[in-house]
Amino acid sequence: MGVEHLPEHGNMNPPVFEAGCHDFRGSRGMLIVYALYLLIVLVLTAAPGAALGFGCIAVSRGRARAARIALLLALGAACATLWLLAVGVDSHWAPPIAGMSFAGTLIAGFTTLGRQNRRLLAQQYEALPWPPWPPAATGR
């Protein structure tokens, strides 16, 4: 045992790693910060797209389904293009941000369209009581 491996007085730091070794003690904190950053970016980009998708389907209620879907796709592409221009095409964050905006628009639009279709189908059918009750017996 040599004295060169013992820490100096007052210096209780761990030994310095050799070249090529990494200290991963702070990596968990960085992952949390990175995940929070992605969550913020997701909320800031997908929420406006979702509002546009919902509004597009809600406003175009009287049109044919194919026209509404085409309008939704065009609006989603336009919103994604605006995000590309706002962030900058050369940025490495541009494709994920544009993709999240496009996905948010389509998800909200198709969800709203599906809910409207289910409501229309439900109005076409008469609601039957379940289970079917036998006629009331007369107690005479």
Side-chain angles (χ1 to χ4, degrees):
M1 291 223 117
V3 179
E4 63 273 355
H5 293 295
L6 297 175
E8 297 176 13
H9 295 289
N11 185 5
M12 299 305 288
N13 292 331
V16 178
F17 293 101
E18 297 177 7
C21 293
H22 300 285
D23 184 11
F24 290 108
R25 286 178 288 168
S27 63
R28 185 178 304 159
M30 285 303 297
L31 287 175
I32 293 171
V33 169
Y34 185 68
L36 287 175
Y37 180 71
L38 283 178
L39 181 68
I40 291 169
V41 168
L42 177 69
V43 168
L44 291 178
T45 58
L52 285 174
F54 172 77
C56 171
I57 296 300
V59 169
S60 66
R61 185 171 274 187
R63 298 187 186 274
R65 183 180 301 148
R68 295 169 85 183
I69 290 174
L71 185 62
L72 180 65
L73 290 172
L75 184 65
C79 186
T81 304
L82 286 175
W83 275 110
L84 280 176
L85 295 175
V87 173
V89 181
D90 296 334
S91 173
H92 68 281
W93 285 104
I97 288 175
M100 284 188 280
S101 175
F102 186 70
T105 304
L106 293 185
I107 290 170
F110 283 124
T111 302
T112 306
L113 187 62
R115 291 184 72 211
Q116 286 181 359
N117 286 340
R118 282 192 302 274
R119 284 182 186 165
L120 288 175
L121 285 174
Q123 291 175 0
Q124 292 178 359
Y125 299 105
E126 179 183 338
L128 299 174
W130 185 259
W133 298 102
T138 58
R140 296 176 195 218

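Here the structure is a predicted model, which is why all the values come from computation and not from measurement. Starting from 1, each residue takes its place in the sequence as its number.
I97 belongs to a hydrophobic cluster with Y34, Y37, L38, V41, L42, W83, V87, W93, M100, counting contacts under 4.5 Å between side-chain heavy atoms of Ile, Leu, Val, Met, Phe, Trp and Tyr, direct or through other members. Its side chain within the 4.5 Å cluster rule, I32 clusters with L36 among the Ile, Leu, Val, Met, Phe, Trp and Tyr residues.
Considering all non-hydrogen atoms of both residues, F102 and A80 come closest at CB-CB, 4.1 Å.
In this structure, the side chain to side chain contact (heavy atoms under 4.5 Å, CB included) partners of L84, at least two apart in sequence or on a different chain, are A94, A98.
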For residues 103-112, tabulate all N or O donor-acceptor pairs below 3.5 Å that involve a side-chain atom, not counting sequence neighbours.
{"residue": "T105", "atom": "OG1", "partner": "G49", "partner atom": "O", "Å": "3.1"}
{"residue": "T105", "atom": "OG1", "partner": "S101", "partner atom": "O", "Å": "2.9"}
{"residue": "T111", "atom": "OG1", "partner": "I107", "partner atom": "O", "Å": "2.6"}
{"residue": "T112", "atom": "OG1", "partner": "A108", "partner atom": "O", "Å": "2.8"}

Contacts under 3.5 angstrom, residues 50-67 side chains, donor-acceptor by atom type, not counting sequence neighbours:
{"residue": "S60", "atom": "OG", "partner": "C56", "partner atom": "O", "Å": "2.8"}
{"residue": "S60", "atom": "OG", "partner": "R68", "partner atom": "NE", "Å": "3.4"}

